[in-house]
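Report on one structure; see the data block that follows.
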Amino acid sequence: MITVEALRKSFGDKEIIKGIDMKVNRGEKVVIIGPSGSGKSTFLRCLNYLEIPTSGSVMIESHKFDDPTKKMNEKHIASIRAEVGMVFQRFNLFPNKTAIQNVMAALITIRKMDKEQAQKLAEKYLHKVGLGERMHHYPSQLSGGQQQRVAIARALAMQPKVMLFDEATSALDPELVGEVLQVIRELAEEGMTMILVTHEMKFAREVADRVIFMDGGVIVEEGTPEEVFVHPKHPRTRAFLQKVEH
Ligand code: ADP
Ligand code: MG
């Protein structure tokens, strides 16, 4: 489903992603762990063209991007982004729109749905994340966990082929983390292809088919949760795991 080859990304003269190769199969759950500043977010952002790679290639389904000098047209970028749903640490909901209006917005502007169609789909996905009762609430009337679930519903309503989660629970109060992880867990069980960056090591062990440890812009080590968490081979992986609870 996803093939990344020799991916590099620099900001100015600072290289952040230093050559990453990765394949993700349909239905696979890949968890990326690693210290802050190691390039995890930049890597995810390269996968849906929020960042344009400096070199290398990213292929998602049949969309291939391998020439950074070639200016991709907006339509092509939009078609790739539509395949890749992304959920961030910060939910970025429109404060002046209700939950359902937030979910409907992109369906109307990007998917070109009429209002009725968009509303049906938005209701379906808000029910799915357990917010059927709150769909006419504004973000300020929702808890952080509920807002993040709206953000997940918004991404799912676009019916992406892949979901990327970038520390989706890091900004939440501890008692709200569980309800968001539960929604992600259900998606995983339904067979969604997912790449997750998370500091929730227990959760990572539970949902991951494969764990990738990233440091300094490269993949240092990867394997099953058992291999990476229980029998890490690389000293950098061991040092990282000693510092975090798992
Ligand atoms: P992580 O998610 O692993 O914490 P990031 O991908 O956010 O790491 O950041 C890796 C490095 O890239 C950091 O040093 C950060 O300052 C730098 N960086 C990220 N985005 C930009 C940008 N738009 N411009 C310049 N530097 C950036
Ligand atoms: Mg990050």
Side-chain angles (χ1 to χ4, degrees), residues 2 4-22 24 29-58 60 65 68-69 71-72 77 80-81 84-93 144-145 147-148 151-152 155 162-174 176-177 180-181 184 194-205 207-208 210-223 225 228-229 232 234-246:
I2 303 177
V4 177
E5 282 171 349
L7 184 74
R8 290 175 180 270
K9 174 67 185 176
S10 300
F11 294 109
D13 57 6
K14 207 168 150 220
E15 190 172 59
I16 303 298
I17 302 298
K18 301 175 179 171
I20 288 189
D21 295 280
M22 183 180 82
V24 179
K29 287 83 179 102
V30 176
V31 169
I32 302 177
I33 59 171
S36 175
S38 57
K40 303 180 300 295
S41 294
T42 304
F43 176 62
L44 283 194
R45 292 165 63 83
C46 284
L47 295 181
N48 76 342
Y49 303 98
L50 285 174
E51 299 290 353
I52 302 301
T54 310
S55 66
S57 71
V58 174
I60 294 183
F65 175 72
T69 59
K71 214 168 169 310
M72 275 210 297
I77 292 180
I80 296 169
R81 286 208 189 124
V84 184
M86 189 149 176
V87 175
F88 304 90
Q89 189 173 336
R90 288 266 154 226
F91 344 116
N92 302 313
L93 300 177
Q147 289 181 59
Q148 187 61 304
I152 294 173
V162 183
M163 285 286 289
L164 310 178
F165 291 91
D166 191 0
E167 297 190 27
T169 59
S170 297
L172 299 176
D173 291 335
L176 303 177
V177 167
V180 173
L181 292 184
I184 299 174
M194 324 202 282
I195 305 179
L196 304 105
V197 171
T198 184
H199 294 301
E200 298 287 335
M201 296 298 159
K202 205 171 139 265
F203 180 69
R205 281 173 85 150
V207 299
R210 179 153 49 110
V211 177
I212 289 178
F213 172 65
M214 232 178 113
D215 194 10
V218 298
I219 293 176
V220 173
E221 177 164 355
E222 64 181 297
V228 175
F229 288 118
H234 201 286
R236 274 152 81 187
T237 317
R238 282 189 213 132
F240 173 75
L241 289 172
Q242 266 166 18
K243 276 184 257 165
V244 299
E245 242 181 278
H246 67 279

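All values derive from a computational prediction rather than experimental measurement. All ligand and atom numbering here is 1-based and tracks the order in the structure.
For the Mg ion (ligand 2), the neighbouring protein N/O/S atoms at less than 2.8 Å, given as residue and atom, are Ser41 OG.
Side chains of Glu221 and Thr237: a donor-acceptor N/O pair is present below 3.5 angstrom, by distance only.
Within the 3.5 Å criterion, the main-chain N or O of Val220 finds no donor-acceptor partner in the side chain of Arg236. Under the 3.5 Å distance criterion, the side-chain polar atoms of Lys29 are left unmatched by any main-chain donor or acceptor of Leu196.
In terms of the salt bridge (Lys or Arg N to Asp or Glu O under 4.0 Å) criterion, Asp166 has no residue partners (sequence neighbours excluded).
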For residues 11-21, please give each side-chain donor-acceptor pair under 3.5 Å, one per line with the distance, not counting sequence neighbours.
from	atom 1	to	atom 2	distance (Å)
Glu15	OE1	Arg8	NH1	3.0
Glu15	OE2	Arg8	NH1	3.0
Asp21	OD1	Ala6	N	3.0

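Under the 4.5 Å side-chain criterion, counting only non-hydrogen atoms from C-beta, Asp215 is not in contact with Phe240. Side-chain contact between Val87 and Met163 is present, with at least one heavy-atom pair separated by less than 4.5 Å.
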Is there any protein N/O under 3.5 Å from an N/O of ligand 1, and what does the full list of such pairs look like?
from	atom 1	to	atom 2	distance (Å)
ligand 1	2 (O)	Ser41	N	2.9
ligand 1	2 (O)	Ser41	OG	2.9
ligand 1	3 (O)	Ser38	N	3.1
ligand 1	3 (O)	Ser38	OG	3.4
ligand 1	3 (O)	Gly39	N	3.0
ligand 1	3 (O)	Lys40	N	2.9
ligand 1	3 (O)	Lys40	NZ	2.8
ligand 1	4 (O)	Gly37	N	2.7
ligand 1	6 (O)	Thr42	N	2.9
ligand 1	6 (O)	Thr42	OG1	2.5
ligand 1	8 (O)	Gly39	N	3.1
ligand 1	14 (O)	Lys14	NZ	3.3

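The two residues Val58 and Tyr49 come nearest to each other via the heavy atoms O-OH, 3.5 Å.
To the nearest 0.5 Å, atoms CG (Leu50) and CG (Leu44) are separated by 10.0 Å.
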